[in-house]
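One structure is given below, encoded as structure tokens.
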There are 2 protein chains.
Amino acid sequence: MVDTDNKTRTLQTVSTSLEVLSELKENDTLGVTELATRLDISKSSAHAHLATLEDKELVINRNGTYELAVNLFTFGQYVREQNLLYQHGKSQVDKLADETSQYVHIVTEENGWGINLYQIKGETRVGGDYQQNKPQRRDHLHYTASGKAILAAFPADRVREIIESNGLPKRTSNTITSERELFEELESIRERGYSYNDEEEIEGFRAVGTAVRGPGGEVLGSLSISGPTSFMQGDRYKETIPERLINAANVIEVNLNMNKSDR
Amino acid sequence: MVDTDNKTRTLQTVSTSLEVLSELKENDTLGVTELATRLDISKSSAHAHLATLEDKELVINRNGTYELAVNLFTFGQYVREQNLLYQHGKSQVDKLADETSQYVHIVTEENGWGINLYQIKGETRVGGDYQQNKPQRRDHLHYTASGKAILAAFPADRVREIIESNGLPKRTSNTITSERELFEELESIRERGYSYNDEEEIEGFRAVGTAVRGPGGEVLGSLSISGPTSFMQGDRYKETIPERLINAANVIEVNLNMNKSDR
DNA sequence: AGTTTGGTTCGTCTATTACGAACAACAAAT
DNA sequence: ATTTGTTGTTCGTAATAGACGAACCAAACT
């Protein structure tokens, strides 16, 4: 086998096991043989990997076929509750959702991706039916308000690295797909203090975002409020929403600084 | 090293890597050396494991120390949304929370443990998931209403297996800690159709639970409603709440059967 | 019954991992 | 500034542990 890129030595066996996890995440459920062919390893080997993952309760064998264990949810919960921005941001975000009756998000960055830590929809009192949250939890940063707010808070070379590795794929006709254009946008976000997403991710949806910094000035992530373009307009889009958002972010930052001493 | 218990052959390297994950989950953040001593492996080896996990984005190196990656949250989300009971139960549970203004839970079982997939408190507005002061996401089954409802739906030998491996630890003075007593309790739950938790997990808290079965009759998990004993009393505790709960469970089961054909 | 598909087990060879020592980076202390 | 201590990273090497494939089962389907 070819060692893709040798920075640090990495454990092959573990890598394939983790690829098993990813594979199970993509294809909801897999048998031994199918997994083996998919990863191009022997059947016996695939079996061994699955057995190990099962033993450690990351995978479970439900009537002959393997799938990710619900126990993984435990890990996810832990990780989220560990997150500073989530800890201090949730209550503010709930409040924002109440006030604006739109979607509000808490997003954090990792390896150049935006991860949706929390999402809540304010009550629009539509017949008591509740919206489903989108399954996608890991997004490019350049076509969301929260993502752009984060990018605007990063140094230019870090942004370039991210573009380098993740690209600037197009989602709608409004998506910014050129590096130069993106940098101009980031500049104006910095001047403005908050970011816009004008139907750049989803047609018909606008959003406003702003970054949140930790005690040391490091970027913890961002908040965003999004809703249909029909609603996100005029003063609301230009002033009220951004104001509320910035305010919430400030409150969070203050709270974060208060607890700085504890850490 | 000693092979603990050789049923199927299991990959040692992978095992230790997964132990690294667990270790990071327990101790929020660890350095290479500390991890090495904790797992009793060499420093270089610990480093290799961390490097691999980092490469696969399950672990991240924040200023010199390693911690679980937020990306794990992605997996957790996926797993939950994959869950049949969650898919069909969430809206009903939200409604229950609204009606009863108490805590409502969706719990599922895995390897003899109860996993809290969703939890919402009525009165507070519907929408997000509310984690209260309960970081614990994996619980014994014998001292919760949801857990007992699940156990009551299992065959006796399966219950015995679970007791065998997980034990019957005491949480309060009301916790059932003897096997015989537990089996009697399960019997009366079966007759009654729903379970009670009378301050068996937490002093001052009562709960009512009921199992939910899938199209094939298999136990998918359970729902429960819990609240302070001062509130959970009289008719409410004996009739209203159980009725509502059972009703919600029935609705879910009907919905599940409707979608049976799709699968 | 016979055939096919997929799951599990096992012996063996070789590739990989774990080790330890050496090196580097950084802090604290003298 | 120099030393000492601590922790992270790299690398060569011996020996262990993983991957293979063949053989064995168990169902499902014909």
Side-chain angles (χ1 to χ4, degrees), chain A residues 1-24 27-69 216 218 263, chain B residues 1-24 27-69 216 218 263:
Chain A
M1 280 295 104
V2 194
D3 256 308
T4 37
D5 185 19
N6 243 348
K7 300 202 164 221
T8 4
R9 250 199 278 193
T10 182
L11 305 181
Q12 251 176 66
T13 315
V14 177
S15 288
T16 62
S17 253
L18 301 182
E19 269 158 39
V20 170
L21 287 184
S22 296
E23 209 62 42
L24 285 175
N27 321 73
D28 301 349
T29 169
L30 284 177
V32 179
T33 313
E34 199 175 352
L35 180 71
T37 54
R38 220 173 266 274
L39 292 181
D40 198 36
I41 56 179
S42 73
K43 238 190 343 175
S44 52
S45 181
H47 182 74
H49 281 279
L50 287 169
T52 312
L53 291 168
E54 189 182 20
D55 184 58
K56 285 289 185 294
E57 307 193 347
L58 297 188
V59 153
I60 193 161
N61 188 345
R62 277 208 150 71
N63 46 50
T65 169
Y66 291 85
E67 53 190 72
L68 293 182
E218 77 283 13
R263 243 248 138 264
Chain B
M1 278 294 103
V2 195
D3 255 308
T4 37
D5 185 20
N6 241 349
K7 300 205 163 217
T8 2
R9 250 201 277 193
T10 184
L11 305 181
Q12 252 176 65
T13 315
V14 178
S15 288
T16 62
S17 254
L18 301 183
E19 270 159 38
V20 170
L21 287 184
S22 296
E23 210 61 41
L24 285 175
N27 321 73
D28 301 350
T29 169
L30 285 176
V32 179
T33 312
E34 199 175 352
L35 180 71
T37 54
R38 220 172 266 273
L39 292 182
D40 197 36
I41 56 178
S42 73
K43 237 191 342 175
S44 52
S45 180
H47 182 74
H49 281 279
L50 287 169
T52 312
L53 290 168
E54 188 181 21
D55 183 58
K56 284 289 185 293
E57 308 194 346
L58 297 187
V59 153
I60 194 162
N61 188 344
R62 279 208 149 70
N63 46 51
T65 169
Y66 291 85
E67 53 188 73
L68 292 183
E218 78 282 15
R263 238 251 138 259

Sorted by number, the residues of residues 32-39 of chain A with heavy-atom contact under 4.0 Å to DNA chain C |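 Residues of residues 32-39 of chain A under 4.0 Å from DNA chain C: A:Val32, A:Thr33.
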So what is the 5' to 3' dot-bracket string for DNA chain D, if pairs are Watson-Crick or G-U wobble with both distances under 3.5 Å, crossing pairs use [ ] and | means the partner sits on another strand?
-> |||||||||||||||||||||||.||||.|
Given side chains that start at C-beta, do those of A:Arg62 and A:Thr29 come closer than 4.5 Å, heavy atoms only?
->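 No - every pair of side-chain heavy atoms lies 4.5 Å or more apart.
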Non-hydrogen side-chain atoms of B:Val59 and B:Asn61 separated by less than 4.5 Å |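 SC-SC contact between B:Val59 and B:Asn61 ruled out.
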So how far is it from [X] [atom1] to [Y] [atom2], rounded to the nearest 0.5 Å?
X: A:Ser17; Y: A:Leu11; atom1: OG; atom2: CG; result: 11.0 Å
X: A:Leu18; Y: B:Asp55; atom1: CG; atom2: CG; result: 9.0 Å
X: A:Leu35; Y: A:His49; atom1: CG; atom2: NE2; result: 9.0 Å
X: B:His47; Y: B:Ile41; atom1: NE2; atom2: CD1; result: 12.0 Å
X: A:Ser22; Y: B:Lys56; atom1: OG; atom2: NZ; result: 7.5 Å
X: B:Thr65; Y: B:Ile60; atom1: OG1; atom2: CD1; result: 11.5 Å

All heavy atoms of B:Asp28 vs all of B:Glu67, minimum pair found to be O-CB, 3.7 Å
Would you say A:Tyr66 reaches C:dT8's phosphate, i.e. side-chain N/O to OP1/OP2 under 4.0 Å?
-> yes
Is any side-chain nitrogen or oxygen of A:His47 closer than 4.0 Å to OP1 or OP2 of C:dT8?
->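 Result: yes.
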What one-letter contact string describes nucleotides 18-30 of chain D from 5' to 3', where B marks a base within less than 4.0 Å of any protein heavy atom, S marks contact via sugar-phosphate atoms alone, and - marks no contact?
-> SBBB---------
